[in-house]
Amino acid sequence: MSDLTQLEYSRAQSTTTDGTSSDEARGLIMTVAQAADDRKAVDIVLLRVSEVCFLADYFAIITGFSNVQVRAISQAIADQVEEEWQRLPLRTQGLSDASWVVMDYGDAIIHILKPQEREFYNLEAFWGHAERIDFSPTP
């Protein structure tokens, strides 16, 4: 790899972690946020983490107030992303308990938490050095 380290080589590439372009990954995370908002999710935080971690390019951190709402938000996201982007999550964890559901799309990881879990784990503080992406719900 000549003089480039693996990190520099990865950052020099114009695609994200699963081969989609950065614009597509941003579009996907905005679709996620809109789908969550449509299900009355609150405190939707979008983070661009590509500069600070290798797990994904974007994180969405979303609050639902009950297990039923967390599941509904997760289903709405899966349906909307499949419809608009023809993509299914690579994996989904936490649906049985539904106090914290994680959906992994490769270039975007979605965290849907109930308020107690969100306060306890405080993901925004942990990833606080990542760039926040503005999201304004469409009326």
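All values derive from a computational prediction rather than experimental measurement.
Using a 4.5 Å heavy-atom cutoff, the side chains of T63 and P115 are in contact. Between Y105 and T92 the shortest side-chain heavy-atom distance does not fall below 4.5 Å. For the pair E24 and W85, the minimum side-chain heavy-atom distance is below 4.5 Å. For the pair I77 and I110, the minimum side-chain heavy-atom distance is below 4.5 Å. For the pair I73 and R71, the minimum side-chain heavy-atom distance is 4.5 Å or more. Side chains of Q69 and V42 form no contact here, defined as non-hydrogen atoms less than 4.5 Å apart. Proximity of F126 to Y121: side-chain heavy atoms (C-beta onward) are nowhere separated by under 4.5 Å. Counting heavy atoms from C-beta on, the side chains of L113 and I62 never come closer than 4.5 Å.
Salt-bridge check for D107 with R87: passed, with a basic side-chain N closer than 4.0 Å to an acidic carboxylate O. Under the 4.0 Å criterion applied to side-chain N and carboxylate O atoms, D57 and R26 are not assigned as salt-bridge partners. Between E124 and R132 there is no salt bridge, since no side-chain nitrogen of the basic residue lies less than 4.0 Å from a carboxylate oxygen of the acidic one.
When hydrophobic clusters are built by joining Ile, Leu, Val, Met, Phe, Trp and Tyr residues whose side-chain heavy atoms come closer than 4.5 Å, directly or via intermediates, V102 is not grouped with V68. The hydrophobic clustering, which links ILVMFWY residues whose side-chain heavy atoms are closer than 4.5 Å, places I109 and V52 together. Residues L55 and I61 share a hydrophobic cluster, clusters being chains of Ile/Leu/Val/Met/Phe/Trp/Tyr side chains in contact below 4.5 Å.
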Step by step, would you call K114 with S66 a side chain to side chain contact (heavy atoms under 4.5 Å, CB included)? CA-CA 6 Å; K114 288 175 42 183; S66 69; 5.8 Å; no
In sequence, state the C-alpha distance, the side-chain angles, and the governing distance for V101 and Q75, and then conclude on side chain to side chain contact (heavy atoms under 4.5 Å, CB included). CA-CA 11 Å; V101 172; Q75 188 61 55; over 6 Å; no
Evaluate the side chain to side chain contact (heavy atoms under 4.5 Å, CB included) criterion for residues Q93 and D104: first the C-alpha distance (whole Å), next the side-chain angles of each, then the deciding distance (0.1 Å), finally the verdict. CA-CA 9 Å; Q93 294 290 317; D104 182 358; over 6 Å; no
Full working for side chain to side chain contact (heavy atoms under 4.5 Å, CB included) between W100 and L123: CA-CA 12 Å; W100 181 358; L123 296 176; 3.9 Å; yes
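Judged purely by distance below 3.5 Å, without hydrogens or angles, the side chains of Q80 and T31 never pair a donor atom with an acceptor atom.
Enclosure of atom CD in Q86 by more than 12 non-hydrogen atoms of other residues, nucleotides or ligands within 6.0 angstrom is indicated. Dense packing is recorded around CD of E131, with more than 12 heavy atoms of other residues, nucleotides or ligands lying under 6.0 Å away. When the shell of 6.0 Å around CZ of R39 is examined, it contains 12 or fewer heavy atoms from other residues, nucleotides or ligands.
With N67 contributing its side chain and D97 its backbone, the two residues share a donor-acceptor pair below 3.5 Å.
With rounding to the nearest 0.5 angstrom, the CZ atom of R48 is 14.0 Å from the CH2 atom of W127. Of the inter-residue distances, the one linking S136 atom OG with Q34 atom CD reads 10.0 Å to the nearest 0.5 angstrom. Annotation: the span from F135 atom CZ to L46 atom CG amounts to 7.0 Å, rounded to 0.5 Å.
The two residues V49 and A130 come nearest to each other via the heavy atoms CG1-CB, 3.7 Å. Across all non-hydrogen atoms, the minimal contact from A76 to A35 is O-CB, 3.8 Å.
Classified by interplanar angle (parallel below 30°, tilted 30° to 60°, perpendicular above 60°), the ring pair F59/H111 is perpendicular.
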